[in-house]
Amino acid sequence: MAHSNISIFVPHAGCPHNCAFCDQRTITSTEKPPRAADVERICTAALGEVRDPADTEIAFFGGSFTAVPRRYMLELLEAAQPFIGEGRFSGIRISTRPDYIDEEILDILKAHHVTAIELGAQSMSDEVLEANERGHSAKDAAYAAMLIKSRRCFQLGLQMMVGLYKSTPQEERRSWRRIAALSPDTVRIYPVVILEGTRLGELYKSGEYQPFDFDTAVELCAGFLADAEQRGIEVIKLGLHASRDVEAKKLGGFYHPAFRELCEGRLYLRQMVKELTAAGGGKLPKSAVIAVPPKHMSRAAGHKRCNAEYLRTLGTQVRFIPREGAEHFEIEQVENAD
Ligand code: SF4
């Protein structure tokens, strides 16, 4: 499993689609498609900088890698070849659309040392995919995932967006179950951020599109995170990468610079409420002392101490104490109401 990526963004290059949520230029913060010389320059610089090249992949992100003109795709792949192998990077990671994967493309990717393929599934509801002008079906995503897995030489990644136009919390849960059932090695979960200059932005401004509330998005994503952990699926991203461009162009949706932290905190809260109720003999105690591994202190207390505050509104005053070696968290002491 690679632990870091040398990211090379291929913005919108050759993409014939216009997905309702996409403003690729804002998200990648670059407008000029990279050429072979750029790949060589970036890889040469990175070889001297990364701690463990053998644990690092060259990553072509940001667009629809296998949908760009074939000649251009090969130019980028070939430019990366001298940087892969003994003493250099471990392979190449790409992200693409499900409808641009077939046996021939997989042959090319394999021959060029691509080791991980991420598919933008986004939703497994055809109605949601269509409403967001995605241009492919849920079946396309399932078929492409099956083709990739059957090769046994690629790591499969799936990307999902939460809160798209026409989606509902029930639909998100259904989509997640179908995505998880495809047994990806990794997932990226992106709660929708509505950007100025996109079709979603227009629908949002006209009032036609009203995503569900922020707390529902956190609840849903926390649930997906917990389920992924149980199934052994690595969540490599949860929430859009914080960037000034996105912050400047966002109109609505679920942007938060620490979205994953919110979800991790929510999972902690769920578990604490359950265990505190059990420790209080069926109801929440008046106060409690909870020992937490130091590295999990902020998760337990929640973002800006929101978990501690929430428990206080339920009538429980909690004090967290750091303890090296504590298992997740341990309820140290409780005092019940009279
Ligand atoms: S396919 Fe990808 S790059 Fe093209 S419009 Fe959709 S999200 Fe943007």
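This is a predicted model, so every value here is computed, not measured. Order of appearance sets the numbers: ligands from 1, and atoms from 1 within every ligand. Just so you know, residue 1 is the first one in the sequence shown, and it goes up from there.
- Remark: ligand 1 atoms within the under-4.0 Å shell around heavy atoms of Cys22 are 5 (S), 7 (S), 8 (Fe).
- Listed by atom number, the atoms of ligand 1 under 4.0 Å from His17 heavy atoms are 5 (S).
- Qualifying side-chain contact (heavy atoms from CB on, under 4.5 Å) partners for Arg299, counting only residues two or more places apart in sequence or in other chains: Glu264, Tyr268, His296.
- Close contacts of ligand 1 with Arg97, meaning ligand atoms under 4.0 Å from a residue heavy atom, involve 1 (S).
- Both tests do not hold together for Arg174 against Phe224: distance to the six-membered ring centre under 6.0 Å, angle to the ring axis within 45°.
- Applying the side chain to side chain donor-acceptor pair (under 3.5 Å) test to Gln230 and every residue at least two apart in sequence or in another chain returns nothing.
- Here the closest non-hydrogen pair linking Pro53 and Arg51 is CD-O, 3.7 Å.
- Of the residues Ser167, Ser125, Ser123, the one that meets the side-chain hydrogen bond (donor to acceptor under 3.5 Å, both in side chains) test with Glu172 is Ser167.
- At a 4.0 Å heavy-atom cut-off, ligand 1 touches Cys19 through backbone and side chain alike.
- Residue contact check: Ser64 has heavy atoms under 4.0 Å from atoms 1 (S), 2 (Fe), 3 (S), 4 (Fe) of ligand 1.
- Numbered from 1 in the order shown, with element, the atoms of ligand 1 that lie under 4.0 Å from a heavy atom of Phe21 read 7 (S).
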